[in-house]
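Order of listing sets the numbers, starting from 1, for every ligand and every atom in it.
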Amino acid sequence: MKYRQLKPFPEAFLWSGSTSAYQVEGAWDEDGKGPSVIDARGEYPAGTTDFKVASDHYHRFAEDVALFKELGLKAYRFSIAWTRIIPDGDGEVNPAGVAFYHRPIDALIDAGIEPIVTMYHFDLPEALDAKGGWTSRDTVDAFARFSEVLFAEYGSKITYWLTINEQNMMILYGEAIGTVKPGMPKSAVYQANHHMMLAQAKANILCHQMVPGAKIGPAPNISVCYPATSHPEDVLAADDFNAIRNWLYLDMAVHGRYNNVAWAYLEELGAAPSIAEGDLEILTNAKPDFIAFNYYTSATVGRASGESSDAASVGDQQIVVGEAGVYAGAVNPYLGKTEFGWEVDPIGFRTTFRAIWDRYQLPLLVTENGLGAFEKLEDGKVHDSYRIDYLRDHIEQIQWAISDGVEVLGYSPWSAIDLVSTHQGSAKRYGFIYVDREEFDLKELTRYRKDSFAWYQKVISTNGADLS
Ligand code: BG6
């Protein structure tokens, strides 16, 4: 439906930008930080400094926050590295790590920027992983304790908390991200998933007990799934994939129960997790204040033929990997693609807003959306008109969603500043701010404003009224 009159963005709309600790900070072993599963991933070519130095935000946060202020950000979403706070995940608290995060948080507050904290963004402490990681129930308690430290330490400064970034992507594409060990059986993967849900619920309950006025929510990657055709079996396959990819995670986070279709799928797979006494009570007692979600593109699937060839061998979090007998990944012929093969679907963004709002009626916060591209600095400039187009098209759809009656708290595109991509290292860039480094050559790591910087600055200063 098209409206002649669009509703304006709310006055308090949080125009934001996103990063995550391991992708931007660097200082991977400084000031007592322990190694995470990402540090241990070791799949980048020898000699690369990718996650070790990243964008060196750890040492340059003051300069970066000054740039965020100039950009006009109302909020900034970043993650806290568990391994800085508790280096081995469940042992001693590291005072230097705790002290560190007070500094960027204070700098943000001084700059009038609302800090939005992700508690866990893919970087599980390696020491916990060695003890079974999320397949072990002990990790649930370790996360709950970590969350208590965060609430006690930063609760007076932080209003918006996100529990776990893209839990669904860690489960579905964990091998590609580096959070699931190659060959782990599905039963173990979904037991780990159950434990993450419990950990999230415990953190949610603790947050409400410990920090009056705080707001906390999950942060999965949600995108609507289209059927490849109107064939009823394709429609059913899309419905299945929506349940497995999206609603499994949000039904649990919001209502504390397993989605019935997703549960039937898990049973069929022999991967239904064991649920201990008391788990369901914890899960239902957790009440999120909002739903955060990351959106890059929609997904399209068709019916599975039942052959193993339905399963593509490689995929990443935005390229659907089919599953034999369940659904087959399909290309949407109506959508263009980025140079990394991700389809671009702004209207799917609006449809996703509607779908989440219809199901849960909780305010929505977009915690990631953006365009990854190869970029070159020329005379100190990056002319990223393609990024401006992508972001404009998506912001327009937020306004359509607001006009549809969806409550939207804010928009936090990926990424506030260039950082190391999950899959393609430093070559794939997302930021408004260019960081001058190459994959193997750190250069000076100097910051430059891209064309999208001035554009987003105008969008924010007009509260979304001028997207030109
Ligand atoms: C999201 C993650 O899946 O997508 C980010 O939360 C990630 O950590 C982003 O960087 C973009 O993905 P990629 O692979 O292009 O870096």
With heavy atoms only and a cut-off of under 4.0 Å, state how H121 meets ligand 1: side chain, backbone, both or neither. side chain

So is N221 close enough to ligand 1, meaning a heavy atom under 4.0 angstrom away? no

For D56, give me all partners under salt bridge (charged side-chain N to carboxylate O under 4.0 Å, His left out), at least two apart in sequence or on another chain. R60

Inspect the contact between D106 and K157 and indicate whether a charged nitrogen and a carboxylate oxygen are less than 4.0 angstrom apart. yes

Looking at ligand 1, does M169 have a heavy atom less than 4.0 Å from it? no

I need the contact type for L419 against ligand 1. Using non-hydrogen atoms and a strict under-4.0 Å cut-off, is it side chain, backbone, both or neither? neither

Do Y390 and Y386 make the cut of ring centroids closer than 6.0 angstrom? no

I'd like to check which ligand 1 atoms, numbered from 1 as shown, lie under 4.0 Å from a non-hydrogen atom of N165. 6 (O)

Given N259, which of N246, I244, D251 fulfils the side-chain contact (heavy atoms from CB on, under 4.5 Å) condition? D251

Using a 4.0 Å heavy-atom threshold (strictly under), name the region of F340 that reaches ligand 1: side chain, backbone, both or neither. neither

Where's the contact between W342 and ligand 1, heavy-atom distance under 4.0 Å: side chain, backbone, both or neither? side chain

Ligand-residue contact atoms, ligand 1 with Y430, heavy atoms, under 4.0 Å: 11 (C), 12 (O), 13 (P), 15 (O)

Pick, from M170, Q23, E368, the option with the minimum heavy-atom distance to atom 6 (O) of ligand 1. E368

K33 bridged to D39 by N-O distance under 4.0 Å: yes

According to the salt bridge (charged side-chain N to carboxylate O under 4.0 Å, His left out) rule, which pairs have a member within residues 184-208, sequence neighbours left out? D141-K202

Classify the angle between the aromatic ring planes of F340 and F374 as parallel (below 30°), tilted (30 to 60°) or perpendicular (above 60°). tilted

K428 heavy atoms, cut-off 4.0 Å: which ligand 1 atoms fall inside? 13 (P), 15 (O)

Taking only heavy atoms of S421, which atoms of ligand 1 are found under 4.0 Å from at least one of them? 13 (P), 14 (O), 15 (O), 16 (O)

Is a salt bridge present between D129 and K181, judged by a nitrogen-to-oxygen distance below 4.0 Å? yes

